[in-house]
Structure formats: structure tokens, C-alpha cells
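All heavy atoms count here, side chains included; hydrogens, waters and symmetry mates do not.
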Amino acid sequence: MEREAVIQVKDLYKVYRMGDTRVYALNGVDFEIYRGEFCAITGPSGSGKSTLLNMLAGLEHPSKGEIVIAKKHIERLNERQLVAFRRERVGFIFQSYNLIATLNALENVALPLSFRGIGRTARNKRAGQYLKLVGLEKFIKHMPNQMSGGQQQRVGIARALAVSPQIIFADEPTGNLDSKTTMEILRLMKKIVREQNQTLVMVTHDNNLATYADRIFKIIDGKIVHIEEGHREVDLLEAEKAAGTHEEAAGAADREAAEKEVREETVTERQTEDKRQGDQDEKVGES
């Protein structure tokens, strides 16, 4: 069965001018992403991954190339058409949650539905269903400051899903969460995308987080240099523990090296003092 491509990117460039210099944030990018797929875009800071996400979401215009989403060339749309495109087809999950502090969980999830003209009763019912889907049915009346970071991000996921988007864009969605909560959020997103047959595109600088995706697009200097699939999820707690053990071992090695240096300096000082004392004794004997 042939997979349906919901995102098609062809020969995509984004060039910024800095004086007389041209900076290529994206430098000829080509790829396809399929319905029901969870993809991660990874790369170091300044590699172009956030620029690429902005292009896909219609937040920036490319300098050259094509972006076809749901058979629509979004690079040809004007600003009003892009607003409608994002409202009707796209959901966003943010690193900083972006919840409105004066609204409770239910109201935050229901808010985007009001922009579609959906009545209060209908939108609150749908918001409640998605809060239940992410395991927060007991927190619908909680304000953001009454919830943990993980719970706030679950509200953010429910808000993104409530508009029934074809595509969900997530920009470092677990950047403010601990490792255990991060794994829970990533597995939840993956599970929901599967069940809803939606497409999730996540940007992250963390290669371990990217292993939760079906495919990983590695971008460096504005070019996709590698596409990886068939990988194994990294246990973030084990990775964190291993990193801590490595740092502890490195610290112990540094301490041992420092202690060795001090010992060697002490020996050298003693040898110098012994020699000086010996020279003095020799002079006293001669006199």
C-alpha cells in the first residue's frame, strides 16, 4: 500500500542578507513526510532546523522552492490565506507551553475552537474529551500555576489536538521537562498520532529525544545530511544515569590527576629541600 505524502518539500532555500553577505539558513532541502508519521528534525544550534519548521508552518516565506502540504502550495499563499491554513490544518506544541494564565485547563484547550466559531457547549465538550485523552480529566478546572510542567504540556498537547489538525508541529516540546516526564510526553504524542492517523513534526537538538520518532532528519548548515529510521528508543533515564556516571568518572579522574600533580610537586619540593640541606651540611663539614 502506497503511503500518502502530506508534506512535500522541493529545492527549498532561505537566504538572509547581512550587509553584502548571503547567509543560507536553508540550502536546497528536499524530502517527504507521510500521513501518520512522527518525524524529528535534529541538528546543532544554527543548523536551520527552526527555520525549516517555520517554513513548514507558513510562518516564514522561502527564498526559493516549494512546500506542498495537503496538496496545497503554501509558499504561494498570502498572509490571510496562511492564517486560515494554520487555523484549519495545523496544531502547535510549544516548549514553554504558552497557556493563558487566567484560563483553566478546559478553557485553554477550548480557546482555539472559539476562533472557528464553535459554540461554547460544543467546544467545552470537545476540550474535555481531549483532556481525558491525555489523562487530565481530573484537572479540567485547574489553572496553569496549579499544574506541574508535565501536566501543562499535556494541556498543550490536548489544545493542539482539539482542532483536529492534519499536522502537528512541536518545537522542543519537552525542553523544560525532566527525563521521566519527557519520556511520558513523547510516548503519549507518538501513541495519539498513531491512533488519530495524524502527522507530527518535532524539532529538537537532542539526539536521544529524536529516537522516539519514526524517522530522524539530520540537518547541518541548512542541508539534510542524513535520514535515519529503524532505530531503537533511548531510555532517557538510563542515558542520564550513564552521563552522570561518565561525568563522575571524569571528575574522579580529574581529582586523581590533580592529587598526583600535588604529590609530584611535594616530592620535588622535598627533594629540593633535601638537596639544599645536604649542600648546607656539606659546607658546614668542610668548614
Side-chain angles (χ1 to χ4, degrees), residues 4 6-7 33-41 53 56-59 69-70 82-100 103-144 147-177 181-204 209 212-215:
E4 178 188 354
V6 292
I7 299 175
I33 294 177
Y34 304 103
R35 180 176 298 281
E37 194 173 31
F38 177 7
C39 291
I41 301 171
L53 186 73
L56 297 178
L59 298 172
I69 297 182
L82 284 170
V83 169
F85 161 78
R86 287 191 293 269
R87 186 174 62 232
E88 294 165 8
R89 298 186 183 274
V90 174
F92 292 94
I93 301 172
F94 304 94
Q95 176 179 344
S96 55
Y97 322 134
N98 283 17
L99 302 183
I100 296 181
L103 301 181
N104 62 33
L106 185 74
E107 292 165 338
N108 265 288
V109 175
L111 183 62
L113 299 172
S114 66
F115 302 144
R116 294 188 173 186
I118 298 175
R120 175 177 293 185
T121 301
R123 66 176 183 255
N124 284 349
K125 180 179 179 181
R126 187 186 296 186
Q129 290 170 342
Y130 280 96
L131 283 168
K132 182 177 181 180
L133 184 66
V134 299
L136 289 181
E137 62 269 30
K138 295 181 180 179
F139 294 83
I140 60 173
K141 297 298 183 183
H142 281 57
M143 307 299 285
M147 294 182 283
S148 68
Q151 289 168 340
Q152 289 185 65
Q153 192 57 291
R154 285 171 182 261
V155 174
I157 293 170
R159 178 183 57 195
L161 293 169
V163 296
S164 301
Q166 285 183 299
I167 302 160
I168 301 164
F169 294 115
D171 189 2
E172 300 282 6
T174 60
N176 293 333
L177 305 176
T181 308
T182 291
M183 284 196 297
E184 292 174 355
I185 291 296
L186 289 172
R187 286 170 177 160
L188 174 65
M189 291 195 303
K190 190 171 185 175
K191 173 178 177 287
I192 291 173
V193 164
R194 287 276 189 280
E195 292 174 351
Q196 308 278 333
N197 197 30
Q198 292 165 313
T199 300
L200 172 61
V201 181
M202 175 180 76
V203 160
T204 180
L209 301 191
Y212 287 75
D214 301 313
R215 285 196 295 160

task = Would you give the length of the straight line joining atom CZ of F169 to atom CG of L59, rounded to the nearest 0.5 angstrom?
result = 8.5 Å
query = Side chains of I168 and V90: closer than 4.5 Å at any heavy-atom pair?
reply = no
request  = Using salt bridge (charged side-chain N to carboxylate O under 4.0 Å, His left out) as the criterion, list what pairs up with E184, not counting sequence neighbours.
outcome  = R154, K180
task = Flag the pair Q196 / L133 as yes when at least one side-chain heavy-atom distance between them is below 4.5 Å, and no otherwise.
result = yes
task = Identify, with sequence neighbours excluded, every residue that meets side chain to side chain donor-acceptor pair (under 3.5 Å) alongside T174.
result = none
note = With sequence neighbours left out, the residues meeting ring-ring contact (aromatic ring centres under 6.0 Å, His included) with F139 are H142
message = Can you give me the closest heavy-atom contact between N197 and G36, atom names plus distance?
response = OD1-CA, 3.6 Å
ask   = Any idea which heavy atoms bring C39 and A213 closest together, and the distance?
value = C-CB, 4.0 Å
query = Can you name the residues that form a side-chain contact (heavy atoms from CB on, under 4.5 Å) with E4, not counting sequence neighbours?
reply = V6, R35
Contacts of type salt bridge (charged side-chain N to carboxylate O under 4.0 Å, His left out), residue R87, not counting sequence neighbours = none
Check: K190 side chain, F38 main-chain N or O, donor-acceptor pair, under 3.5 Å = no
key: Residue list, side chain to side chain donor-acceptor pair (under 3.5 Å) with Q166, at least two apart or on another chain   = R89
query = Just how far is it from atom CD1 of I157 to atom CG of L188, taken to the nearest 0.5 Å?
reply = 5.0 Å
task = Identify, with sequence neighbours excluded, every residue that meets salt bridge (charged side-chain N to carboxylate O under 4.0 Å, His left out) alongside R86.
result = E79
ask   = Excluding sequence neighbours, so at least two apart, what forms side chain to side chain donor-acceptor pair (under 3.5 Å) with Q152?
value = none
key: side-chain contact (heavy atoms from CB on, under 4.5 Å) partners of A170, counting only residues at least two apart   = I93, P173, L200, M202
remark   = Here the side-chain hydrogen bond (donor to acceptor under 3.5 Å, both in side chains) pairs for residues 122-137, sequence neighbours left out, are none
inquiry  = Quick check: do T199 and V193 have side-chain heavy atoms less than 4.5 Å from each other?
reply    = no
Expected list for residues 105-112: side-chain donor-acceptor pairs under 3.5 angstrom, two or more places apart:
from : atom 1 : to   : atom 2 : distance (Å)
E107 : OE1    : N104 : N      : 2.9
N108 : OD1    : I100 : N      : 2.7
N108 : ND2    : I100 : O      : 3.2
N108 : ND2    : L103 : O      : 3.0
N108 : ND2    : N104 : O      : 3.2

key: Closest heavy-atom pair and its distance - A158, V134   = CB-CG2, 4.1 Å
message = Nearest 0.5 Å, please: how far is CD1 in I185 from CD in Q151?
response = 9.5 Å
inquiry  = Any heavy-atom pair between the side chains of Y97 and R159 that's under 4.5 Å?
reply    = no
Closest non-hydrogen atom pair between G91 and P165, with its separation = N-CB, 3.4 Å
key: OG1-CG distance between T204 and L186, expressed to the nearest 0.5 angstrom   = 8.5 Å
key: Side-chain heavy-atom pair N98, F92 within 4.5 angstrom cut-off   = no
query = Nearest 0.5 Å, what's the CD1-CD1 distance between I69 and I167?
reply = 4.5 Å
query = Residues in salt bridge (charged side-chain N to carboxylate O under 4.0 Å, His left out) with D214, at least two apart?
reply = R194
request  = Would you give the length of the straight line joining atom CZ of F94 to atom CG of N176, rounded to the nearest 0.5 angstrom?
outcome  = 13.5 Å
